[in-house]
Every structure is written in structure tokens, then in C-alpha cells.
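To start, the structure itself, in C-alpha cells.
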Amino acid sequence: MAQRKNTSNGSPKKFTRKPARKPVRKISKKQQRIYRRRRIVAVIVLLAVIAALCGLVYGVVRGVQAVSGSLSSSSSSQSASATASASNGKSSASASQSAKPSESATSKSATPSASESSTKAKNPGIPNCTASDVSLDLTADTTTVAQGGKVTFKVVIKHDSKRDCVIDASNASRILTITSGDNTVWRSDSCPVDSRQLLMTGSDKDTQTIAWNTTSTGSECQAENARAKVDPGTYVATLSVRDHEKIKSSPVTITVQ
């Protein structure tokens, strides 16, 4: 039998076999549901892990804050306790002074100021102040007051000389006296007080306030509420230094109505 030749190019025609396609795996609806469930469970587990980590971090942060807060509270309570103790000490001192009739409040001028406490003992060679060294100034917040009212006096010791000197600026030495005619009605030294030695130098100035509740002092120390009220009339206030008659302020007239 004669062979059939390809007349186009004179060579026999070759045929190639195409590879067979792999069959496509079909997933049933049941398996699809299973896969979806697995994915949902995986997502839920992942979210739970993230939430647990966040909770752990939050708990650590809160714990650190709690420890810091407890330490701060402890230090604050100790500071408050120390402050309260100091305040109680000051309150006790104020209460003991309020029982004294002078009812004086001390406030030193800002600049310059006098040196306090045991000055004489530390400077034994410094002389006591005289009328040529210091002067006194007395003013009142009001010159007219109702019976039973209060007058607040501002008392000032000023250093005027070039030499240093020492003066006792307590109410028992720097004395406020209130008179009516020839009668002494009230004195700031009617009750004992501690000495307050000041070293006066340069242009030092010491300023205090003394309150007079329009009462009278007797020969003995009395609590303020035990004193009798003065009668309406005219009274004269003067500031002086004990044992130094020449150290005296100008008088201030007070009218009690």
C-alpha cells in the first residue's frame, strides 16, 4: 500500500498529545460549611487571645499605678501628719497666748528686719537701746469705737542711730498704755510674757499689732472675757519702753461711744 505523503513540505506530519487535565475537585456544601465554621472558630480564638493580652497589659498598668498611688499616699500622709503636728503645736501656742489679755500679733517689716532671740546673750558687748537710738510710732485702725468693740494698734520700733543696740520688744517691755484722765485703764504688760530681744542695726524696723477690746486691766492678770468693759468716753493710748521714760510715742486719742 502506498504511503500518504504531505505534499506541502514533503515530510510526514507529526501529531503531539496534549497532557490530560487534572480533574477539578468539587467541594460539597457540607465541607464548605465545615470550612466556614473552622475559619469563624479561628477568628474567635484569635480575638480571645488578643483580648487576653490586652487584659493582661491593662492589669499590669493598673497594678503599677496602684503601687505608685499607695507610695504617694503614704508620703502624703506622712507629710500631712508632720504638718498637722506643726499646726497643733502652733495652735497650742496661739491658744496659750490668747488667754493672755494683750492679744498681740507680731509681724516684722519686710526689709530691713531686726534679729530676734537671745541677742543679748550672743552679743554681750552691745549696749541697750536708748532714746537716741530708737523711736516709737503708734497708730490706730480707728479712733472711734462702740463700747465693747475693738481697736487695733500698730506699734513700730525704728532704729535711728549709727550704733547697734539691743531692745526688748515684748509687750512687757514695749508697753501700750491706755489712760482716761489720770487713771490707767489698760496696759499690755498686765500679764507676764516672754522676753523678745532684738538687735537693732542700720535702718531696722520692728512692727507689731496690739488689740484693745475696750476693756480694763486690774492689778492682777485676768483672762480677756473676765475683764470689765470701759464706759463711753475719751481715752488716750501711748507707747513707751520700760525703764526708758524718754522713749515714748505720740499719744493717740480714742473715743468710746
Side-chain angles (χ1 to χ4, degrees), residues 93-94 96-109 113-120 127-143 145 150-161 165-200 204-224 226-230 233-256:
S94 300
S96 63
Q97 290 182 356
S98 63
K100 299 178 182 179
S102 60
E103 295 184 359
S104 63
T106 303
S107 60
K108 304 190 75 178
S109 56
S113 60
S115 303
E116 286 190 42
S117 73
S118 65
T119 302
K120 190 68 175 176
N128 291 324
C129 295
T130 64
S132 61
D133 299 316
V134 295
S135 60
L136 302 179
D137 185 34
L138 178 66
T139 56
D141 64 342
T142 180
T143 57
V145 63
K150 181 175 74 172
V151 180
T152 301
F153 293 95
K154 181 180 179 181
V155 298
V156 180
I157 304 175
K158 295 185 291 184
H159 185 248
D160 303 322
S161 71
C165 63
V166 175
I167 189 171
D168 183 359
S170 67
N171 286 342
S173 178
R174 187 268 300 115
I175 304 168
L176 176 64
T177 305
I178 297 176
T179 59
S180 176
D182 295 332
N183 298 322
T184 299
V185 177
W186 188 91
R187 289 175 63 94
S188 64
D189 64 342
S190 61
C191 287
V193 294
D194 294 333
S195 173
R196 193 170 71 92
Q197 298 287 335
L198 300 182
L199 172 62
M200 307 297 291
D204 282 350
K205 180 188 296 185
D206 179 71
T207 303
Q208 300 183 40
T209 57
I210 301 178
W212 177 47
N213 293 320
T214 60
T215 57
S216 59
T217 56
S219 58
E220 297 180 354
C221 178
Q222 292 178 311
E224 185 63 33
R227 297 176 181 177
K229 300 294 182 181
V230 299
T234 301
Y235 298 85
V236 178
T238 308
L239 194 65
S240 62
V241 176
R242 183 186 296 277
D243 301 329
H244 293 276
E245 296 180 356
K246 294 183 179 181
I247 307 178
K248 185 178 293 186
S249 72
S250 300
V252 177
T253 301
I254 305 296
T255 301
V256 178

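No experiment lies behind these values; they were computed from the predicted model shown.
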(request) Calculate, to the nearest 0.5 Å, the distance between atoms CD1 and CG belonging to Ile247 and Asp133 respectively. (result) 7.5 Å

(request) Could you tell me which non-hydrogen atom of Ser132 sits nearest to which non-hydrogen atom of Ser161, and how far apart they are? (result) O-CB, 3.5 Å

(message) To check you understand the geometry: which heavy-atom pair defines the closest contact between Asp160 and Val134, and what is its length?
(response) OD2-C, 3.7 Å

(message) Do Asp137 and Lys205 have side chains that approach each other closer than 4.5 Å (heavy atoms only, starting at C-beta)?
(response) no

(message) Just so I know, are the side chains of Ile167 and His159 near enough to count as touching, which here means a heavy-atom distance under 4.5 Å?
(response) no

(message) I'd like to know if Asp206 and Arg196 make a salt bridge, using a cut-off of under 4.0 Å between side-chain N and carboxylate O.
(response) yes

(message) Applying side-chain contact (heavy atoms from CB on, under 4.5 Å) to Leu176 and Trp212, what does each step give before you reach the verdict?
(response) CA-CA 10 Å; Leu176 176 64; Trp212 177 47; 5.5 Å; no

(message) Is it the case that the side chains of Ser170 and Asp168 hold a donor-acceptor pair, with the cut-off being a distance below 3.5 Å and no angle test?
(response) yes

(request) Using the side-chain contact (heavy atoms from CB on, under 4.5 Å) rule, take Thr238 and Thr179 through it: C-alpha gap first, then chi angles, then the decisive distance, then the call. (result) CA-CA 8 Å; Thr238 308; Thr179 59; 5.7 Å; no

(request) Over all heavy atoms of both residues, which pair between Ile175 and Ser188 is shortest? Give the atoms and the distance, please. (result) CA-OG, 3.5 Å

(request) First locate atom OG of Ser135, then atom NZ of Lys158, and finally report the distance between them rounded to the nearest 0.5 Å. (result) 4.5 Å

(request) Quick one: do Asp141 and Val151 satisfy side-chain contact (heavy atoms from CB on, under 4.5 Å)? Show the steps, please. (result) CA-CA 7 Å; Asp141 64 342; Val151 180; 3.8 Å; yes

(message) Give me the atom names and distance for the closest heavy-atom approach of Thr215 to Val185.
(response) O-CG1, 4.1 Å

(request) Side-chain contact test, heavy atoms from C-beta onward, threshold under 4.5 Å: evaluate it for Ile178 versus Ile254 and give yes or no. (result) no

(message) Under a 3.5 Å distance rule, please check whether Glu224 uses its side chain to pair with a backbone N or O of Asn213 as donor and acceptor.
(response) no

(request) Determine whether the aromatic ring centres of Trp186 and Tyr235 lie less than 6.0 Å apart. (result) no

(request) Identify the heavy atoms of Ala172 and Asp189 that sit nearest to each other, and give their distance. (result) CA-CB, 3.7 Å

(request) Might you confirm whether atom NZ of Lys229 has over 12 heavy atoms from other residues, nucleotides or ligands at distances under 6.0 Å? (result) yes

(message) What I'd like to find out is whether the side chain of Asn128 reaches to under 4.5 Å of the side chain of Thr130, using heavy atoms alone.
(response) no

(message) Tell me if a side-chain donor or acceptor on Thr217 pairs with a main-chain N or O of Arg187 at a distance below 3.5 Å.
(response) yes

(request) Provide the closest heavy-atom pair for Leu136 versus Leu239 in the form atom of the first, atom of the second, distance. (result) CD1-O, 3.6 Å

